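Inspection log for the structure reproduced underneath, given as structure tokens.
Lettering of chains follows the sequences in order, A, B, ..., and the numbering in each one begins at 1. In this text the structure is predicted, and so the values were computed from the model without any measurement.
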2 protein chains.
Amino acid sequence: MRKTFLFMDTIINKVDAKGRVSLPSDYRAIVKETSSEIVCYRSLTSPCIEGCLEDLLDKLAADMENSLDFFSQEQDDLTNLIFGDAKRLPFDSTGRIMLSDKLLQHAGITDSAVFVGKGRKFQIWNPENWQAEEKRIRAEVLKKRPSLKTAGEDK
Amino acid sequence: MRKTFLFMDTIINKVDAKGRVSLPSDYRAIVKETSSEIVCYRSLTSPCIEGCLEDLLDKLAADMENSLDFFSQEQDDLTNLIFGDAKRLPFDSTGRIMLSDKLLQHAGITDSAVFVGKGRKFQIWNPENWQAEEKRIRAEVLKKRPSLKTAGEDK
DNA sequence: TTATTGCTTATGGTATAACATGGGATTTTT
DNA sequence: AAAAATCCCATGTTATACCATAAGCAATAA
């Protein structure tokens with residue numbers, strides 16, 4: 001039995017006319033082993049779909065109950081936004097999930113989708129958009145690399 | 001058997017002349033699996049109906065017994081209001097609950113209603129009102145994004 | 001290396017079950 | 001008796017389960 005459950009790698013799969021996509025088999029294995037369920041929602045910051053295990057959202061719900069008081073406005077707003085958008089996406093016997101039009105539109109996905117691992121979470125992108133985004137991120141990281149080095153060297 | 005029970009997603013359903021609405025099937029599944037019961041009451045802060053499992057109200061009641069200073073007098077009053085207003089709403093064999101005129105009027109609901117997941121709770125809105133509310137929340141939350149990060153949503 | 005075999009995964013298509021919803025019948029309340 | 005709530009049946013729609021084929025991958029044998 002494995003100790004850690006991380007969404008990794010970048011996998012491109014077809015999306016059929018009904019919005020069905022194969023969840024990458026590695027991802028499915030995680031869902032099975034954790035006895036949890038995939039939950040997806042529109043990213044707040046990027047034109048992509050974001051996904052995670054239901055366990056993670058459950059933890060979030062518990063954290064919010066503890067840190068913010070029961071009737072606070074802030075808690076109200078956050079829970080509406082996050083849970084109002086999220087949806088459990090169980091996969092069928094062949095390993096496919098169904099993406100709603102709302103999700104597909106937000107990410108601009110039509111006939112194929114890219115799964116990008118993010119550790120505890122993952123993202124689903126339109127292939128072209130992801131290509132551009134990856135380029136942007138790589139450039140960003142390269143720019144910062146010197147300072148990263150410096151930070152590590154002078155302790 | 002599932003580990004987590006979260007009300008999620010945003011579902012719009014028709015309300016017929018008798019005040020009957022289909023409870024979204026995901027919500028019904030939670031009720032069945034927890035052997036609990038849906039409880040609804042008028043939101044104290046918004047023009048909407050709020051609902052949760054009876055279990056949650058029970059936890060609220062227990063918390064109040066156990067901690068003297070956890071809740072202020074004001075919050076104590078609020079819980080009184082909730083318990084005074086709350087009502088169990090069983091659903092029939094086709095999965096519908098009946099919303100009273102009192103609840104419908106408070107939310108301004110006539111012929112259709114939107115269920116909005118909130119994790120441990122959910123809300124029922126008039127569709128137009130919800131659309132406006134969602135817009136408000138998105139703007140609000142994006143302004144406060146740092147605190148969103150703290151809550152664990154964005155790594 | 002190349003070919004062969006078998007296994008897992010991806011994908012297309014179809015049948016089936018579940019759901020939302022309208023309408024009516026029966027029961028309970030007042 | 002009238003009104004309201006509850007139950008039951010019927011239907012169109014949609015999502016889900018299932019089956020079949022195709023495509024990738026790995027291990028093994030030639």
Query raised in the report: Just how far, in rounded Å, is P of D/dA15 from NZ of A/K102?
Result: 14 Å
Sub-3.5 Å pairs of nitrogen or oxygen atoms, protein against nucleotides 5-11 of chain D:
residue	atom	partner	partner atom	Å
D/dT6	O4	B/K18	NZ	3.4
D/dC7	N4	B/R20	NH1	2.9

**Report entry** Pairing residues for A/D9 by the side chain to side chain donor-acceptor pair (under 3.5 Å) criterion, not counting sequence neighbours
**Finding:** none
Report task. Select base, sugar-phosphate, or nothing to describe what A/L89 touches, counting heavy atoms under 4.0 Å on all strands. Result -> nothing
Requested in this report: Find the distance B/D9:CG to D/dA15:C1' and express it as a whole number of Å.
Outcome: 14 Å
Query raised in the report: For the helix from C/dT1-D/dA30 to C/dT30-D/dA1, what is the angle between the axes at its two ends, each from 5 pairs, rounded to 10°?
Result: 30°
Query raised in the report: Which part of the nucleic acid, if any, lies within reach of A/I11 when heavy atoms closer than 4.0 Å are counted: base, sugar-phosphate only, or nothing?
Result: nothing
Query raised in the report: Do you see a donor-acceptor pair shorter than 3.5 Å between the side chains of A/D55 and A/S36?
Result: yes
Query raised in the report: Rounded to whole angstrom units, what separation is found between the NZ atom of B/K14 and the P atom of C/dA20?
Result: 13 Å
**Report entry** Heavy atoms of other groups near B/K87 NZ, more than 12 under 6.0 Å
**Finding:** no
Report task. Grab the CG-P distance between A/N13 and C/dA10 for me, whole Å please. Result -> 6 Å
Query raised in the report: With a cut-off of 6.0 Å (strictly less than), are more than 12 heavy atoms of other residues, nucleotides or ligands near CZ of A/R120?
Result: no
Report task. List in chain and number order the residues that pass ring pair (Phe, Tyr, Trp, His ring centres under 6.0 Å) with A/F91, two or more places apart in sequence or in another chain; answer none if no residue qualifies. Result -> none
Requested in this report: Using atom CG of B/L23 as one end and atom C1' of C/dA18 as the other, report the distance to the nearest whole Å.
Outcome: 15 Å
Query - Neighbour count above 12 (heavy atom, 6.0 Å) for A/R138 CZ - result: no
Query raised in the report: Under 6.0 Å from the NZ atom of B/K3, do we count more than 12 heavy atoms belonging to anything else shown?
Result: yes
**Report entry** Aromatic ring proximity A/Y27/A/F122, centre distance under 6.0 Å
**Finding:** yes
Query raised in the report: Just wondering, are more than 12 heavy atoms of other shown residues or ligands nearer than 6.0 Å to NZ in A/K118?
Result: no
Requested in this report: Give the rounded distance in Å between these two atoms: CZ of A/F115 and P of C/dA10.
Outcome: 9 Å
Query raised in the report: B/N129: what forms a side chain to side chain donor-acceptor pair (under 3.5 Å) with it, not counting sequence neighbours?
Result: none
Requested in this report: Ignoring backbone atoms, establish whether B/R28 has a side-chain N or O less than 4.0 Å from OP1 or OP2 of C/dA20.
Outcome: yes
Distances for protein N or O near nucleotides 23-26 of chain D N or O, under 3.5 Å:
none

Requested in this report: Would you kindly say whether A/W130 and A/E128 are connected by a side-chain donor-acceptor distance under 3.5 Å?
Outcome: no
Query raised in the report: Is it the case that more than 12 heavy atoms not belonging to B/Q131 sit under 6.0 Å from its CD atom?
Result: no
Query raised in the report: OP1, OP2 of C/dT9 versus side-chain N and O of A/S22: anything below 4.0 Å?
Result: no
Report task. Report the distance from atom NZ of A/K32 to atom P of C/dT8, rounded to the nearest whole Å. Result -> 11 Å
Report task. Let me know the distance between CG of B/D111 and C1' of C/dT21, rounded to the nearest Å. Result -> 13 Å
